[in-house]
Amino acid sequence: MDFNFTEEQTMVRDGLTRLVRESYDFDTRRSVIESDSGWRPELWAQIAEMGLLGMPFSEEDGGFGGGAIDSLVVMEVFGRGLVVEPYVPTVVCAGGFFKHAGSAEQKEEHIGGIVDGSRVYAFAYAEPRGRYDLADLETTAKKDGDGYVLNGHKAVVIAAPWASHLIVTARTSGERRDHDGISVFVVDKNADGVVTRDYPTVDGRRASDIYFENVSVGADALIGEDGKALPLIELVVDEAIAAQCAEACGAMKSAQEMTVEYSRQRKQFGTPIGKFQVLQHRMVDMFVEYEQSVSMAYLATLKLGESDKERKSAVSAAKVRIGQAAHHIGQEAIQIHGGMGMTDELAIGHYFKRLTIFDAEFGNVDHHMKRHIALASD
Amino acid sequence: MNLDFSPEETAFRNEVRTFIEDNYPKNVSAEGLRDDLSPEDMVAWHKVLGEKGWSVPAWPPEYGGTGWTPTQRYIWSEENARVNAIMPLPFGVSMVGPVIYTFGNEAQKQQHLPGIRSGDVWWCQGYSEPGAGSDLASLKTTAVRDGDHYVINGQKTWTTLAQHADWGFFLCRTDPDAAKPQEGISFILVDMKSPGIEVRPIKLIDGGYEVNETWLTDVRVPVENLVGEENKGWTYAKFLLAHERSGIAGVARSKRAVEQLREIADKELLDGKPLMQDFDFARKVSQLDIDLAALEITELRTLAGEEAGRGPGPESSILKIKGTEIQQRLTELTLEAVGHYGTPYYRDLSDTGSNEYPIGPDYAQHAAASYFNMRKTSIYGGSNEIQRNIISKMILGL
Ligand SMILES: Cc1cc2nc3c(=O)[nH]c(=O)nc-3n(C[C@H](O)[C@H](O)[C@H](O)COP(=O)(O)OP(=O)(O)OC[C@H]3O[C@@H](n4cnc5c(N)ncnc54)[C@H](O)[C@@H]3O)c2cc1C
Ligand SMILES: Cc1cc2nc3c(=O)[nH]c(=O)nc-3n(C[C@H](O)[C@H](O)[C@H](O)COP(=O)(O)OP(=O)(O)OC[C@H]3O[C@@H](n4cnc5c(N)ncnc54)[C@H](O)[C@@H]3O)c2cc1C
């Protein structure tokens, strides 16, 4: 058994931690998320230059031969600093589809663009009426000559305002909620008929609702096999969940430490409030929740390469446990900060908001509890 | 023992229901967030009630109260919650009003009570300071006697809706040498238009502006504005806090919010079926219902005790703790119910005043902001930790 990071991973972690601490402090983040663009393309370029965007790809695909643990390392640091840049949609999601199912040409074109930072992707999978079911799709892609014509509405597509390309799930055959008949496409965001409505999100990121109105794409837009994409989508989403679990752990760690620190400084009744045993025990519980979450983030990441059943079960377990911990730690952090926790000016409220939204992404606690139960009775 | 309302009480319910249906201002909705409303909207219903003589039901009749029994008052608040009415702000009606008619002099009653009843005068509460929150008695703002004025200096914070306030009630230190910190504090009424007062908005995590920092620099206040005796302000402040707490359970409003949650969960889909038909979700809604039933009966027991002449004691802390926990859980479940559409930051979208088609369903638009905002309820009005300290000391004797 080995829970250690390699020397290289440790170096990456330290380097990125330094970068985030020095050039992504809380005030900088605030001005970035309030700016017109909402993110820092120049930081993205810097991260690409450090080689971080190529880590999880094999060398023959143009990467550096790493894997999911590298994404865990990056996302944990991103979570510590509430970094909004689109690592999960671009590297983990889009990168995942090309890595697992892309043609040689797709790999060359798209993975190349991811690794050098020139292309940003968003993953358009959720729909207004589908809740968290990846197969509940009303978006259609109808065969049209060699290519396809897409129609549909995707909800809350994270990072889409920054993206050059979209990865889109759509139904090529079958009925809504059928497991067969689902396909994945890569679509240029500037393609005719792609209509976006951009907006900020409550946790400081940007998203779009996207309408596909008779969008024509060529045969080369299809990633993997026509109609057989659900297992692939599930795999990539599980990889995204594992990465985001690591991010949540980073954010929980920051929230937990900030709360302990605040309770040392803040005096009421002539003593630091951290001396009140009720608060001490609750901060201990926050810490325990955080440690349990780290364990689950490791478990999810380490099981990504196992059988479908093992992988899904571990990922759902992690999403349940970390979703619960994220709520618990976020709420306790605000409460122990008192009125100060309610202000936009303090970082803690922003951690709380990110941890709140984490639960709803890629399926909430209930959704993954159900999946966990279903797998156990399979 | 029985839970039934008497025929008179049922008749009363019908009377108020009809009155609300006929008179509640149609253009004012409380579906959203309070600070999205204009100040005029916030007091519109208060003004209607002022004319009817129903704006301060709990006050003694000689000061304009209705003489309703606690049960009638309860029915009144239920009927208002049914339509999501925007009730009179508590600062005048439930806080400073009772202090003035109980401890104030004749001139103060004449000057201030009519404006509170009518809704023409907007009050704010200047208690908390940056260094004095849960430990309110450590407050530092000073009021120094200078001829027939007090000169006030200091900084208050978290002053809710002070941006619209005409008057404020402030706790100030008048005797810095008192033996105990509680003993040198006075309760002073301050005209918010006085020179030397500066109100600076604080942005909260939901993106709204409902609280402020209030700076007082050499603010001159006539000594007539002292309520009761100098240095006895702590007594009045505690009296007021008991009033603040008794309204805080919010049962009627939470019952309405559970109904709304059910309506949302009937519209949201899971596996193509209404979310409300999902066992896991339904169970959580029922849990809330059950907790709310327990709170409601607990509140009715407290009311019955009041009718029998027993004032709300430390038991009101139970109402505060459970009431706020339920409110928070309700907003949390509502956010859960709306799924992906809890994520957009709608407040910024409405700021741009654009007429573009909306994102997601209407009922999703305040879900996240309400959840973030409601975290305040376990912090203010005496935090839930402080309420537990009160129960352990005053009831359990620990
Ligand atoms: C089934 C059983 C088997 C046992 N077997 C053995 C054995 O083989 N050999 C042996 O030597 N002992 C044994 N014990 C004794 C055991 O170690 C003690 O019960 C234990 O140390 C607690 O002490 P206590 O029962 O005196 O409780 P107390 O110390 O009186 O504690 C009472 C409560 O107060 C809490 N408390 C105490 N101090 C604090 C504090 N500072 N802060 C917050 N809370 C506090 C405790 O957590 C507990 O909830 C056994 C006990 C049981 C129940
Ligand atoms: C939205 C909002 C509106 C408000 N409106 C007003 C207003 O209009 N006027 C006004 O005067 N004030 C107002 N307040 C202030 C409110 O009353 C204070 O926030 C509250 O008293 C808590 O004080 P604090 O924020 O300084 O927290 P602190 O007192 O610093 O408490 C921090 C944490 O420590 C805990 N703690 C403190 N002491 C103890 C203890 N002895 N034992 C265990 N735990 C403890 C608290 O419970 C809390 O969790 C408002 C606050 C908010 C958030």
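To find a chain, count down the sequence lines: A is the first, B the second, and so on, and within it residues start at 1.
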First locate atom CE of M95(B), then atom CZ of F169(B), and finally report the distance between them rounded to the nearest 0.5 Å. 5.5 Å
Name the option with the most non-hydrogen atom pairs under 4.5 Å to chain B; the candidates are F269(A), Y132(A), F276(A). F269(A)
Closest non-hydrogen atoms of F372(B) and V202(A), given as atom of the first, atom of the second and distance, are CE1-CB, 3.8 Å
Below 4.0 angstrom, N of the basic side chain to O of the carboxylate: do R30(A) and D344(A) qualify? yes
So, taking the atom named NE2 in H340(B) and the one named CZ in F362(A), what distance separates them when rounded to the nearest 0.5 Å? 9.0 Å
Counting only non-hydrogen atoms closer than 4.5 Å, does D278(B) touch chain A with its backbone (N, CA, C, O), its side chain (CB onward), both, or neither? side chain
Structural part of E268(B) lying under 4.5 Å from a heavy atom of chain A: side chain
Salt bridge check: are D136(A) and R131(A) linked by an N-O gap of less than 4.0 Å? no
When you look at K203(B) and E345(A), which way does the salt bridge (Lys or Arg N to Asp or Glu O under 4.0 Å) test go after all the steps? CA-CA 7 Å; K203(B) 187 178 184 184; E345(A) 197 184 326; over 6 Å; no
Contact origin within A155(A) toward chain B - heavy atom pairs under 4.5 Å: both
Residues of residues 332-343 of chain A under 4.5 Å from chain B (heavy atom pairs)? I334(A), Q335(A), G338(A), G339(A), M340(A), G341(A), M342(A), T343(A)
Per-residue contact mode, R129(A) against chain B (heavy atom under 4.5 angstrom): both
Could you state the interatomic distance from CD (Q155(B)) to OG1 (T214(B)), rounded to the nearest 0.5 Å? 8.5 Å
Is I273(A) close to chain B through its backbone or its side chain, or both, or neither, when contacts mean heavy atoms under 4.5 Å? neither
Region of L204(B) in contact with chain A, defined by heavy-atom distances below 4.5 Å: both
Segment of P361(B) engaging chain A (4.5 angstrom heavy-atom cut-off): neither
Between I182(A) and L134(A) the two heavy atoms that sit nearest each other are CD1-O, 4.5 Å
Check the pair Y199(A) / D209(A) against side-chain hydrogen bond (donor to acceptor under 3.5 Å, both in side chains), numbers first and verdict last. CA-CA 8 Å; Y199(A) 46 83; D209(A) 265 40; 2.6 Å; yes
E198(B), CD atom: more than 12 neighbouring heavy atoms under 6.0 Å: yes
Salt bridge between K284(B) and D366(A), side-chain N to carboxylate O under 4.0 Å? yes
Most contacts with chain A, counted as non-hydrogen pairs under 4.5 angstrom, among S128(B), G342(B), G272(B), S138(B): G272(B)
Under 3.5 Å, which donor-acceptor pairs do the side chains of residues 351-359 of chain A form with other protein atoms, sequence neighbours left out?
| from | atom 1 | to | atom 2 | distance (Å) |
| --- | --- | --- | --- | --- |
| Y351(A) | OH | R80(A) | O | 2.5 |
| K353(A) | NZ | I205(B) | O | 2.7 |
| R354(A) | NE | E247(A) | OE2 | 3.0 |
| R354(A) | NH1 | D203(A) | OD2 | 2.9 |
| R354(A) | NH1 | E361(A) | OE2 | 3.0 |
| R354(A) | NH2 | E247(A) | OE1 | 3.1 |
| R354(A) | NH2 | E361(A) | OE2 | 3.2 |
| T356(A) | OG1 | F352(A) | O | 2.8 |
| D359(A) | OD1 | V365(A) | N | 3.1 |
| D359(A) | OD2 | H327(A) | NE2 | 3.3 |

Residue, of P128(A), G270(A), G330(A), A135(A), that accumulates the most heavy atom pairs under 4.5 Å with chain B: P128(A)
Answer with side chain, backbone, both or neither: which region of R266(A) has an atom nearer than 4.5 Å to a non-hydrogen atom of chain B? side chain
So does R283(B) have more than 12 non-hydrogen atoms from other groups sitting under 6.0 Å from CZ? no
What part of A132(B) gets within 4.5 angstrom of chain A, counting heavy atoms only: side chain, backbone, both, or neither? backbone
Choice from L270(B), N384(B), V211(B), N389(B) maximising heavy atom contacts with chain A below 4.5 Å: L270(B)
Honestly, the part of T343(B) sitting under 4.5 Å from a heavy atom of chain A is both
